[in-house]
**Q** 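Here it is, the structure in full.
Chain A is the first sequence line, chain B the second, and so forth, proteins listed ahead of strands; every chain is numbered from 1.
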There are 2 protein chains.
Amino acid sequence: MSELTTPHDHGQALERELEHVPSVENFQTVADVFKQMGDGSRARIFWLLCHCEECVINLSAMVNMSSPAVSHHLKQLKAAGLIVSRREGKEVYYRAADTPQVQLLHHMIEHLMELACPNEFV
Amino acid sequence: MSELTTPHDHGQALERELEHVPSVENFQTVADVFKQMGDGSRARIFWLLCHCEECVINLSAMVNMSSPAVSHHLKQLKAAGLIVSRREGKEVYYRAADTPQVQLLHHMIEHLMELACPNEFV
DNA sequence: AAAACAATTAAATAATCATTTAACTATTTG
DNA sequence: CAAATAGTTAAATGATTATTTAATTGTTTT
């Protein structure tokens with residue numbers, strides 16, 4: 001089945017190490033989730049929505065961006081299933097979705113922040 | 001200090017929830033790490049290098065891409081500190097760096113794969 | 001030293017994507 | 001019903017980026 005043939009054989013027993021290589025599609029699916037956090041503004045908005053529920057203009061003020069720009073990011077996060085929304089009168093409130101994926105991403109952001117930004121947590 | 005003022009006050013005690021909001025720079029730093037995994041091909045190459053050490057042409061064959069394209073991704077992963085390389089004769093061998101960040105990312109990929117690609121693990 | 005092989009770099013192309021401005025929809029209030 | 005407020009959508013722009021092709025560098029072998 002998954003016979004991995006490479007141009008060079010360096011005798012490292014490739015087959016032992018790489019018994020099950022996930023498909024290209026699986027890596028693309030995972031990459032699409034990572035891509036959501038690959039933009040600083042979007043990661044920031046997502047993180048905020050893990051900590052509070054907010055409407056668009058408040059979010060815009062918090063991240064210092066125009067509301068169309070924020071709306072654009074919210075649309076992507078929602079399409080990715082990372083946030084949910086509810087309308088209350090004129091306002092639409094957004095918050096993080098309650099899923100294992102979201103918890104994993106949230107935890108990951110905070111963990112990565114500790115590792116990559118050590119000065120921040122003295 | 002971090003007095004968060006928003007256009008609307010919906011009385012949700014924002015200050016309680018958001019005592020310490022990381023800086024824009026910190027989110028950008030974290031996003032830059034995520035960005036590395038935001039490309040399917042690069043995530044795949046990184047994952048492979050978490051499981052074995054390989055030279056460029058073998059990697060190219062494994063991911064079915066041209067060697068310049070692979071080299072391009074390797075350069076980025078290396079600049080991000082996620083992989084290391086060593087030359088042995090004509091070949092340059094790459095492997096994942098031995099750091100907490102790398103372990104976290106690797107674990108995250110596999111965890112996310114289980115969550116987002118359930119059919120793959122029956 | 002020349003030929004062959006491995007890898008990187010450079011230039012060019014195509015595609016993706018974040019942001020802005022402007023127009024539009026939806027809801028509430030006077 | 002008109003005005004005001006909140007949010008979204010569309011078109012346009014600018015920036016970033018993945019990939020290809022071609023040229024170049026580094027190493028080994030004959």
Side-chain angles (χ1 to χ4, degrees), chain A residues 6-10 12 24 27-28 30-46 48-49 53-80 82-95, chain B residues 6-10 12 24 27-28 30-46 48-49 53-80 82-95:
Chain A
T6 48
H8 290 184
D9 184 1
H10 304 297
Q12 284 147 344
V24 181
F27 278 110
Q28 192 54 55
V30 170
D32 286 340
V33 178
F34 278 115
K35 201 177 289 179
Q36 289 299 316
M37 297 299 112
D39 179 88
S41 303
R42 200 158 52 231
R44 194 148 145 253
I45 291 170
F46 172 75
L48 286 170
L49 294 177
E53 183 183 52
E54 270 302 345
C55 64
V56 179
I57 43 172
N58 275 2
L59 281 172
S60 302
M62 290 162 92
V63 299
N64 199 33
M65 287 173 69
S66 70
S67 50
V70 170
S71 202
H72 170 75
H73 288 305
L74 291 172
K75 194 178 184 181
Q76 288 187 68
L77 289 169
K78 195 176 179 185
L82 300 179
I83 62 173
V84 295
S85 65
R86 86 187 152 84
R87 179 177 276 274
E88 189 176 314
K90 280 182 287 191
E91 282 129 16
V92 177
Y93 289 89
Y94 285 90
R95 66 175 188 277
Chain B
T6 49
H8 289 183
D9 183 3
H10 303 296
Q12 283 145 345
V24 181
F27 278 111
Q28 191 55 54
V30 169
D32 286 341
V33 178
F34 278 115
K35 200 178 288 179
Q36 288 300 314
M37 297 299 112
D39 179 88
S41 303
R42 201 158 50 231
R44 195 148 145 253
I45 291 170
F46 173 74
L48 286 169
L49 294 178
E53 183 182 54
E54 271 301 346
C55 64
V56 179
I57 45 172
N58 276 1
L59 281 170
S60 302
M62 289 162 92
V63 300
N64 200 32
M65 287 173 70
S66 71
S67 50
V70 171
S71 202
H72 169 76
H73 288 304
L74 292 173
K75 193 178 183 179
Q76 288 188 68
L77 289 169
K78 195 175 177 184
L82 301 179
I83 62 173
V84 294
S85 66
R86 85 186 152 85
R87 180 177 275 275
E88 189 177 314
K90 280 182 288 192
E91 281 130 16
V92 176
Y93 289 88
Y94 286 90
R95 66 175 188 276

**Q** With respect to A:Tyr94, which candidate in A:Val56, A:Val84, A:Ile45 satisfies the side-chain contact (heavy atoms from CB on, under 4.5 Å) definition?
**A** A:Val56
**Q** I need the CG-C1' distance between A:Asn58 and D:dG7, as an integer number of Å.
**A**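 Distance, rounded to whole Å: 13 Å.
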**Q** Return no unless some side-chain N or O of B:Gln76 is found under 4.0 Å from OP1 or OP2 of D:dT17.
**A** no
**Q** Separation of A:Ile57 atom CD1 from D:dA6 atom C1', in whole Å?
**A**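 Rounded to the whole Å, the gap is 6 Å.
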**Q** How many whole angstroms separate atom NZ of A:Lys75 from atom C1' of D:dA6?
**A** 17 Å
**Q** Nearest heavy atom decides the nucleotide; on that basis, is A:Ser41 or A:Arg87 closer to the 5' end of DNA chain C?
**A** A:Ser41
**Q** D:dT19, OP1 or OP2 - any side-chain N/O from B:Ser66 closer than 4.0 Å?
**A**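 Looking at the OP1 and OP2 atoms of D:dT19, neither is under 4.0 Å from any side-chain N or O of B:Ser66.
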**Q** Is a donor on one side and an acceptor on the other found under 3.5 Å between the side chain of A:Arg42 and the backbone of A:Gln36?
**A** yes
**Q** Using whole Å, what does the distance between atom C1' of nucleotide D:dT9 and atom NZ of A:Lys78 come to?
**A**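 Those two atoms, NZ and C1', are 14 Å apart.
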**Q** Please identify each residue that fulfils salt bridge (Lys or Arg N to Asp or Glu O under 4.0 Å) with A:Arg87, with sequence neighbours left out.
**A**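 Per chain and number, A:Arg87 pairs via salt bridge (Lys or Arg N to Asp or Glu O under 4.0 Å) with no residue.
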**Q** Using a 4.0 Å heavy-atom cut-off across all strands, classify A:Lys35 as base, sugar-phosphate, or nothing.
**A**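 Sugar-phosphate: the residue A:Lys35, judged by heavy atoms under 4.0 Å, touches backbone atoms but no base.
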**Q** When the nearest nucleotide of DNA chain D is assigned to A:His72 and to B:His72 on a heavy-atom basis, which residue is associated with the more 5' position?
**A**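 Nearer the 5' end of the strand: A:His72.
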**Q** Which atom names give the shortest non-hydrogen contact between A:Pro7 and B:Ile57, and what distance separates them?
**A** CG-O, 3.9 Å
**Q** What closest approach, in Å, do A:Ala31 and B:Asp39 show between heavy atoms, and which atom pair accounts for it?
**A** CB-C, 3.7 Å
**Q** Taking all non-hydrogen atoms of both residues into account, name the closest pair between B:Arg44 and B:Met62 and its distance.
**A**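 Answer, listing the atom of B:Arg44 first, then B:Met62: NH2-O, 3.6 Å.
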**Q** Can you work out whether A:Lys90 or A:Val70 has the more 5'-proximal nearest nucleotide on DNA chain D?
**A**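 Looking at DNA chain D, the more 5' nearest nucleotide goes with A:Lys90.
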**Q** Identify which nucleotide among D:dT21, D:dG7, D:dT19 has an atom closest to any side-chain atom of B:Pro68, counting heavy atoms from C-beta outward.
**A**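 Output: D:dT21.
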**Q** Within the structure shown, what part of the strands sits under 4.0 Å from A:His73 by heavy-atom distance: base, sugar-phosphate, or nothing?
**A**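 The residue A:His73 makes sugar-phosphate contact but no base contact.
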**Q** If you compare all heavy atoms of B:Leu59 against all heavy atoms of B:Glu54, which two are closest, and at what distance to 0.1 Å?
**A**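 It is CG-CB, 3.9 Å.
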**Q** Reading DNA chain C from 5' to 3', where do the contacts with chain B start and stop? Cut-off is 4.0 Å to heavy atoms.
**A** C:dC5 to C:dT9
**Q** Start at the 5' end of DNA chain C and walk down; is the nucleotide closest to A:Glu88 or to A:Arg42 reached first?
**A**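 So the residue in question is A:Arg42.
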